[in-house]
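Input: a single structure, listed below in structure tokens.
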Amino acid sequence: MGSAPTPEQPMTREVLLEGRLPMALTTERVEVRRIHILAGHPAGRHAHNGPVFGSIVKGSVLFQVEGEAEVILRPGDVFFEPAGVPVAHFDALDENVTFLAYFPLAAGQEPGLL
């Protein structure tokens with residue numbers, strides 16, 4: 001955890017997530033989406049055509065990138081979905097979920113599923 005601001009240091013910064021990319025990306029724009037999932041709904045196994053960075057705003061999800069451990073994400077938690085790697089779980093638990101997803105996109109690219 002990072003330190004809280006003080007009068008002597010009124011602003012602090014904390015790295016919450018660093019998603020490693022397998023190669024350099026030429027990014028023309030970043031699309032940010034607010035996504036809602038109903039309680040108990042599993043997003044299903046899926047993979048994206050580009051990396052996705054995100055943060056949970058409300059609710060909690062069971063999250064698992066294939067080959068990694070399952071984790072429960074709650075409000076304030078951040079996540080990374082590598083391009084082309086299946087996400088085994090992004091399942092809303094016992095309440096509705098809202099999250100923000102950030103899609104770095106190349107020229108002419110739209111966020112999509114593989």
Side-chain angles (χ1 to χ4, degrees):
M1 278 271 165
S3 60
T6 64
E8 298 77 31
Q9 186 177 0
M11 183 185 302
T12 62
R13 293 171 178 84
E14 177 182 3
V15 175
L16 298 179
L17 171 71
E18 183 176 308
R20 294 285 177 169
L21 306 175
M23 65 181 113
L25 292 181
T26 302
T27 302
E28 177 187 69
R29 64 191 176 92
V30 175
E31 185 172 296
V32 181
R33 294 181 177 184
R34 178 179 292 116
I35 301 171
H36 306 278
I37 305 174
L38 290 178
H41 181 75
R45 186 176 186 274
H46 66 281
H48 292 277
N49 64 342
V52 180
F53 297 83
S55 60
I56 304 297
V57 175
K58 178 183 174 225
S60 57
V61 298
L62 172 65
F63 176 70
Q64 182 184 25
V65 172
E66 195 163 279
E68 297 181 12
E70 292 180 350
V71 296
I72 303 293
L73 300 176
R74 294 180 172 82
D77 288 340
V78 294
F79 62 90
F80 173 63
E81 299 180 9
V85 177
V87 174
H89 294 283
F90 199 98
D91 307 337
L93 297 177
D94 57 356
E95 59 184 306
N96 294 344
V97 172
T98 300
F99 67 97
L100 300 176
Y102 301 80
F103 299 85
L105 301 165
Q109 181 185 17
E110 294 298 323
L113 298 174
L114 298 177

Nearest-0.5 Å distance, CD of residue Gln109 to OG1 of residue Thr27: 8.5 Å
Interatomic distance, Tyr102 atom OH to Ser55 atom OG [nearest 0.5 angstrom]: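 One gets 4.5 Å once the value is rounded to the nearest 0.5 Å.
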[X] side chain near [Y] side chain, heavy-atom distance below 4.5 Å:
X: Pro51; Y: Leu25; answer: yes
X: Arg33; Y: Pro111; answer: yes
X: Pro5; Y: Met11; answer: no
X: Glu14; Y: Thr12; answer: no

Closest non-hydrogen atom pair between [X] and [Y], with its separation:
X: Leu113; Y: His46; answer: CD2-CD2, 3.9 Å
X: His48; Y: Leu114; answer: O-CD1, 3.5 Å
X: Gly40; Y: Pro42; answer: O-CD, 3.3 Å

So if you build clusters from Ile, Leu, Val, Met, Phe, Trp, Tyr with side-chain heavy-atom gaps below 4.5 Å, do [X] and [Y] land together?
X: Val78; Y: Phe63; answer: no
X: Ile37; Y: Leu73; answer: yes
X: Leu21; Y: Val85; answer: no
X: Val30; Y: Leu16; answer: yes
X: Val65; Y: Ile72; answer: no

Backbone of Glu68 reached by a side-chain donor or acceptor of Gln64 within 3.5 Å: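 Looks like yes, one N/O pair under 3.5 Å.
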side-chain contact (heavy atoms from CB on, under 4.5 Å) between Phe103 and Val32, intermediate numbers included: CA-CA 6 Å; Phe103 299 85; Val32 181; over 6 Å; no
side-chain contact (heavy atoms from CB on, under 4.5 Å) between Leu62 and Glu70, intermediate numbers included: CA-CA 7 Å; Leu62 172 65; Glu70 292 180 350; 3.8 Å; yes
Trace of the side-chain contact (heavy atoms from CB on, under 4.5 Å) decision for Phe53 with Leu17: CA-CA 9 Å; Phe53 297 83; Leu17 171 71; 3.9 Å; yes
Step-by-step salt bridge (Lys or Arg N to Asp or Glu O under 4.0 Å) determination, Arg29 to Glu110: CA-CA 10 Å; Arg29 64 191 176 92; Glu110 294 298 323; 2.9 Å; yes
Name each donor-acceptor pair under 3.5 Å that joins a side chain in residues 90-101 to protein atoms two or more places apart or in another chain, with its distance.
unit_1: Asp91; atom_1: OD2; unit_2: His89; atom_2: ND1; d: 2.7
unit_1: Asn96; atom_1: OD1; unit_2: Ala39; atom_2: N; d: 2.9
unit_1: Thr98; atom_1: OG1; unit_2: His36; atom_2: ND1; d: 3.0

